[in-house]
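Chain naming here is simple, since letters A, B, ... match the order of the sequence lines and numbering starts at 1 in each.
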2 protein chains.
Amino acid sequence: MHHSEDISSLALNRLSTYLRCLRLLQESNVKRISSQELARRFHLSAAQIRKDLAYFGEFGIRGVGYDVASLCRRLEALLGLEREHPVVVVGAGNIGRALARFPGFNSGSFRIHGIVDNDPQKVGQRINDLEVRPSSELPQLVQQSQAEIGILAVPAEAAPENYRCLVAAGIRSILNFAPVPLDPIPDIRVKTVDLLIFLEELAYFLR
Amino acid sequence: MHHSEDISSLALNRLSTYLRCLRLLQESNVKRISSQELARRFHLSAAQIRKDLAYFGEFGIRGVGYDVASLCRRLEALLGLEREHPVVVVGAGNIGRALARFPGFNSGSFRIHGIVDNDPQKVGQRINDLEVRPSSELPQLVQQSQAEIGILAVPAEAAPENYRCLVAAGIRSILNFAPVPLDPIPDIRVKTVDLLIFLEELAYFLR
DNA sequence: GATTGTGAATAGATTCACAGCT
DNA sequence: AGCTGTGAATCTATTCACAATC
């Protein structure tokens, strides 16, 4: 099998997409599918599906296709989705609260174990079964929950500081929704998602 | 100048990033900057900055660098951010409500003019200065607001139908937060943002 | 002297096309 | 007969390196 680090973010995201598609097929009781049929149904590329999968091993049966259930399981294993990953959220504004309540972030492989905010007005607010805690309690929260992933959902100007706090608290994987490029830190993986950029991408084609 | 269509999404998103960085510089009263310095400060690539910009024209002064204010204006023009783009949101769940309140989507070049939901329980709720309207009113809303962009923030199973409604209402650019690949429709631009994929990308490196 | 703009070189990602299995 | 897995070919993106310019 291959090394962990040498796969592109593009290919990795496609594996997630394949998993989504396969789960949809499973719900419709499809047991087996060929790369061609998978591509046709979900507007993907058959050659790319095969190449992406083959990169991690031989998952299919020549002449037949892929077994939907077993491919699902193997993709989950590949993506590290077999166990639950505890998550903490920093920032209880619009985005932070929405993500804390978002079912996708609270089922399957992820569970939000806590949410903190600097603003005393926000501390104590309830979000589903969580209570917003002060940012000063982040280190304990991370330790108690064994959180592996931090979601940074604070305004741009507060992002660098809260980023450092997350790292100091022991978080090594961060999903950043603040529209600022954070300074890289060795061994810390940051994925920045700037929602405005998506709108701007659409705006470009409206001129 | 160049054609509209032949730029990659990657390059386009970088232009948005450059604009963010330049606005930060403007706030710190930096008047001029070289590609090298811009790259150094924000962890970008100097050669790539020059190539991206040069693709659209000659924006810099050799031996000197780029004028921050004028480059900002030119990037805004390039990206179609000079005028306000009316936006409608379909789905008043966690994500829809958060985006409707999100300052980034309600300032500068974008303004959310309305939000609709199928659920009678949600209709009538107030979100900032908007009231959630029933989905049946989407066509009027789009017409009245002259909305150009639709944000699809409904559960996966409801996405295909609401996608068709947006298109039928006259929307041609759609930002889709539902984790399903939508069928392509000619002349309709869809950008799907699957938030869970970002978490899964981080999870991959946690095994 | 410094920095842009750009062709050439390199690296990376996708598609093709077919040998190898079932 | 049909489909996977894969090397080769193509396409796309990034980086290099330097001539052109201020």
Pairwise 5' ranking along DNA chain C for A/Ser9 and A/Val64, keeping only the more 5' one | A/Ser9
When the nearest nucleotide of DNA chain C is assigned to A/Arg14 and to B/Ala47 on a heavy-atom basis, which residue is associated with the more 5' position?
-> B/Ala47
What is the separation between atom [atom1] on [X] and atom [atom2] on [N], rounded to the nearest whole Å?
X       : N      : atom1 : atom2 : value
B/Leu71 : C/dT4  : CG    : C1'   : 13 Å
B/Ile33 : C/dA2  : CD1   : P     : 17 Å
A/His43 : C/dT14 : NE2   : P     : 19 Å
A/Gln36 : C/dA17 : CD    : P     : 15 Å
B/Glu58 : C/dT3  : CD    : P     : 18 Å
B/Asp67 : C/dT4  : CG    : C1'   : 15 Å
B/Tyr18 : C/dT4  : OH    : P     : 12 Å
B/Leu38 : C/dA2  : CG    : C1'   : 17 Å

Under a criterion of less than 4.0 angstrom to any heavy atom of chain A, what are the 5'-terminal and 3'-terminal contacting nucleotides of DNA chain D?
-> D/dG2 to D/dA8
Under 4.0 Å between any heavy atoms, over every strand shown, what does A/Arg32 touch: base, sugar-phosphate, or nothing? Just pick one.
-> nothing
For a 4.5 angstrom cut-off between non-hydrogen side-chain atoms, does [X] reach [Y]?
X       : Y       : result
B/Leu15 : B/Leu53 : yes
B/Arg83 : B/His85 : yes
B/Ser16 : B/Leu79 : yes

So, is B/Ser35 near the phosphate of C/dT3, with a side-chain N or O under 4.0 Å from OP1 or OP2?
-> no
Are any of the side-chain nitrogens in A/Arg73 or A/Glu76 under 4.0 Å away from the carboxylate oxygens of its partner?
-> no
Does A/Arg41 come within less than 4.0 Å of A/Glu37, counting only side-chain N to carboxylate O?
-> yes
The side chain of [X] is closest to which nucleotide in this list: [options]?
X       : options               : result
A/Arg50 : C/dG5, C/dT14, C/dC18 : C/dC18
A/Leu10 : C/dT4, C/dT15, C/dA13 : C/dA13
B/Lys51 : C/dT15, C/dT6, C/dT3  : C/dT6

Determine whether the side chains of A/Asp52 and A/Tyr18 contain a donor N or O and an acceptor N or O closer than 3.5 Å.
-> yes
Please state whether the rings of A/Phe56 and B/Tyr204 are parallel, tilted or perpendicular, taking 30° and 60° as the class boundaries.
-> perpendicular
